[in-house]
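Order of listing sets the numbers, starting from 1, for every ligand and every atom in it.
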Amino acid sequence: MYKQTYPKSFPKGFLWGGATAANQVEGAWNVDGKGLSTAEVVQKVDDRHQVSMGDVTQETLDIAIADKTDTRYPKRRGVDFYHHYKEDIALFAEMGFKVYRFSIAWSRIFPQGEDQTPNEAGLVFYDHVLEELAKYDMVPLVTLSHYEMPIALTQKYNGWAGRETIAAFNKFTETVFNRYRGKVPYWLTFNEINTGTWGFHETGAIDKGLSEKEQLQIRYQALHHQFVASAIATKQLHRIDASAQIGSMLARMQTYPATPNPEDVRAAQLEDEKNLFFTDVQARGEYPEYMNRFFKENDVVIHMAESDQDILLENPVDFISFSYYMTNVTQHDQDGDSVGNMVIGGRNPYLKESDWGWQIDPVGLRITLNAMWDRYRKPLFIVENGLGALDKLEDNQVHDQYRIDYLRSHIEQMKEAIMDGVNLLGYTMWGPIDLISFSTSEMSKRYGFIYIDQDDDGNGTLNRIKKDSFAWYQKVIASNGEDLG
Ligand code: BG6
């Protein structure tokens, strides 16, 4: 007889934790043999509503390489996790973290991208991080490439635009899979791979100033190389460490039609497809037809080697991860022209927004989880979600009730999605310690449960201070998501 059961709540062993990226926390950009990375040549902007990540030209690159200070490049200093990792991991353990997501800086291991042998001091640093996590039974979830690569590869091949970068990356992945075999059960290849359509920070390719058409060509070609490299890494991992799993990582941007006008609904569907395309390739192993049409209509030609399609098809990812911060609204082109030419990022009158204008949408997370589960039927992992806010430190305390409210409302919807039947492995909130903002390189856009005494200019003691949300998350984890009060 058919039994009508359904999951009632978070499963036993649900992986609660937090996520960071090397270039936003480690600092120590020029010690122990580390090479310069693409993240470390992106200048900080002065207006918090601007973004800095795509604005690299040959000229700014030369200036950055010649500049041996971190004044204009805050990602060079991070929050000095390199020297504070023991203290930071102990704080994560105190909150009860079951998992910690961090990234390995490729430029610590292969400083020039194509070095004959890896840099031992770089490998040792991550040995130590993994040892520390093991002490607390914390599961590592490791991102292989989080918005950075050795700058030498930009100089030689224009980053991922050059096919040669595939081999360099897969030498790096093979090295770390061998070194950390048996110690890392979950890996991710490229962080928010879809943001390669925005340019430099993900592709490492300088294309600023080129026409939109030329940029499209470079970016999608670079992304193709990343797809292939990701599939090769998947194959390597399955051979080297059969019990480990590897996932894709998407910046999921659910979009809603601006009105019930079928033209808007279709425009939103198209927009959504352009976002899901990346996971479609990585999970299903082939380019979807809708993108082939998009490429044709936009004169994009993806150059593939003969074996590329087989490599993609034979090596899909084991699980699917994504970041979730906000949703958008899409409407069709006002002139009724091509629906491909639509307005994105419209405001939604039903939602509030963060200090940085990101529209907060907890129910959208439930919608996203259900849609992703339906589409792929592979385990899901929320590897980023959180609130960047202007925190105030008073009497050594931060009363961040707004952060608790944000996280609570998202966790509630996550629970609903699990009750809907979604297979969710875990949740790593973004930025458990304050870190350097990816998009603006500010320090004052804070996400953490742990405040770090450092300002936008790098002044401060680097002391770690627990915010109110610290004890709250501790309670959430101890109750396996039941006590969200
Ligand atoms: C994601 C990135 O886009 O969002 C992180 O993977 C980033 O690296 C996070 O920090 C939040 O963005 P921001 O710009 O507020 O730091």
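Taking the six-membered ring for Trp and thresholds of 30 and 60 degrees, Phe97 and Phe92 have nearly parallel ring planes, at less than 30 degrees apart. Aromatic ring orientation, Trp106 versus Phe172: parallel (interplanar angle below 30°, classes split at 30° and 60°).
Residue contacts with ligand 1 for Tyr324 are absent, since no atom lies close enough (heavy atoms, distance under 4.0 Å). For Asn191, every heavy-atom contact with ligand 1 shorter than 4.0 Å involves the side chain, none the backbone.
Of the protein's non-hydrogen atoms, Tyr447 OH, 2.5 Å is the one closest to atom 15 (O) of ligand 1. In terms of protein heavy-atom proximity, atom 9 (C) of ligand 1 is nearest to Tyr325 OH, 3.3 Å. If you check which protein heavy atom lies closest to atom 7 (C) of ligand 1, you get Phe438 CB, 3.5 Å.
Closest approach of Tyr180 and Leu123 over heavy atoms only: OH-O, 2.8 Å.
Considering both main-chain and side-chain atoms, Gln24 comes within under 3.5 Å of ligand 1 through a nitrogen or oxygen pair. An N or O contact shorter than 3.5 Å links Glu384 to ligand 1 by distance. Remark: ligand 1 and Ala21 share no N or O pair separated by less than 3.5 Å (distance only, no angle test).
Between Glu353 and Met326 there is no side-chain heavy-atom pair separated by less than 4.5 Å. Side-chain contact between Trp472 and Asp468 is absent, with no heavy atoms from C-beta onward closer than 4.5 Å.
If you look at Tyr324 and Phe322, their ring centroids are not closer than 6.0 Å. Ring to ring, Tyr287 and His224 are close: their centroids are under 6.0 angstrom apart.
Within the structure, ligand 1 lacks Trp356 among the residues with a heavy atom less than 4.0 angstrom away.
Near Lys445, with a cut-off below 4.0 Å to any heavy atom, the atoms of ligand 1 are 13 (P), 14 (O), 15 (O). Close approach of ligand 1 to Ser437 is summarised as follows: ligand atoms under 4.0 Å from at least one heavy atom of the residue are 13 (P), 14 (O), 15 (O), 16 (O).
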